[in-house]
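If you read the sequence from its start, that first residue is 1, and numbering goes on from there. The structure displayed is predicted, hence computed values, not measured ones.
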Amino acid sequence: MPASSPSSAPSLRLELRPSRVLAAALIVLAALATLAVLRSNLPVLSVLGVPVLLALALWQLQRAPRGLLVLLPGGEARWVPRGSDEWRTLDSLTLQRRGPLCVLSLGVQGRCVRWPGASDTLPFADARLLRLWLDRHRSADPVAASDAIPTSPQGPA
């Protein structure tokens, strides 16, 4: 936690950490994939690929960014990575939510960092507050308002 708070005004603070629900879902999918490979006409040695893919997926999930995201009432978003005391102002912030799953994209110092989450790490109440904050400040920040993939090559008309 940094020595000084970025603002004394009330803010929305979200702790980003890897999701246990996503890890459990990956393990269940790997078990189902193993059964599917065994029931198919694939060679039995194909089953060895499932644990490798599971290990890679779990490793990638554990590499997800951890830290504290602070959304200030003035429209500024700040990020402090875990193990650091340095606040970083975000260039952009987008949320894509599909039911209990979400992906939070943080634009930090010219890089896009994606954080996968689920209902255990970003509860619906916090996700709603985040969505309201994004909707309120979207028009003020054109970078955050744009999608990661442009809808047309010409841009907005």
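Looking at Leu122 and Arg97, their side chains come closer than 4.5 Å, going by heavy atoms from C-beta outward. No side-chain heavy atom of Val70 sits less than 4.5 Å from a side-chain heavy atom of Leu12. Under the 4.5 Å side-chain criterion, counting only non-hydrogen atoms from C-beta, Arg131 is not in contact with Arg128.
Of all heavy-atom pairs spanning Phe124 and Gly99, the tightest one is CE2-O, 3.8 Å. When all heavy atoms of Leu71 and Ala77 are compared, the pair lying nearest together is CD2-CB, 3.6 Å. Pairing each heavy atom of Leu134 with each of Leu93, the nearest pair is CD2-O, 3.4 Å.
Rounded to the nearest 0.5 Å, atoms CD (Glu86) and CZ (Arg88) are 5.0 Å apart. To the nearest 0.5 Å, atoms OG1 (Thr89) and CG (Leu72) are separated by 8.5 Å. Between atom CG of residue Leu101 and atom CD of residue Gln96 there is a gap of 12.0 Å, rounded to the nearest 0.5 Å. Separating the CG atom in Leu58 from the CG atom in Leu53 is a distance of 11.0 Å, to the nearest 0.5 Å. Rounding to the nearest 0.5 Å gives a distance of 14.5 Å between CG of Asp126 and CH2 of Trp133. To the nearest 0.5 Å, atoms CG (Leu95) and CG (Leu106) are separated by 10.5 Å.
In this structure, Ser84 contributes its side chain and Val80 its backbone to no donor-acceptor pair below 3.5 Å. Side-chain N or O atoms of Trp115 include none that pairs as donor or acceptor with a backbone N or O of Cys102 at under 3.5 Å. Asp120 contributes no side-chain N or O that, together with a main-chain N or O of Ser19, makes up a donor-acceptor pair within less than 3.5 Å.
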- Does the side chain to side chain contact (heavy atoms under 4.5 Å, CB included) test come out yes or no for Thr121 and Leu16, once each step is laid out? CA-CA 7 Å; Thr121 54; Leu16 303 183; over 6 Å; no
- Start with the C-alpha distance between Leu90 and Val108, add both sets of side-chain angles, then the distance that settles side chain to side chain contact (heavy atoms under 4.5 Å, CB included), and finish with yes or no. CA-CA 5 Å; Leu90 296 181; Val108 183; 3.3 Å; yes
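The number of heavy atoms from other shown groups lying within 6.0 Å of CZ (Arg20) does not exceed 12.
Hydrophobic clustering of Ile, Leu, Val, Met, Phe, Trp and Tyr side chains at less than 4.5 Å, counting indirect connections, unites Trp79 with Leu129.
Screening residues 37-46 for side chain to side chain donor-acceptor pair (under 3.5 Å) gives no qualifying pairs among residues at least two apart or on separate chains.
Checked for salt-bridge contact, Arg78 and Glu76 meet the test: a charged N lies under 4.0 Å from a carboxylate O.
With sequence neighbours excluded, the residues that form a side-chain contact (heavy atoms from CB on, under 4.5 Å) with Leu61 are Leu22, Ala23, Leu26, Pro116. Every residue meeting the side chain to side chain donor-acceptor pair (under 3.5 Å) condition with Arg66, not counting sequence neighbours, appears here in chain and number order: Gln62.
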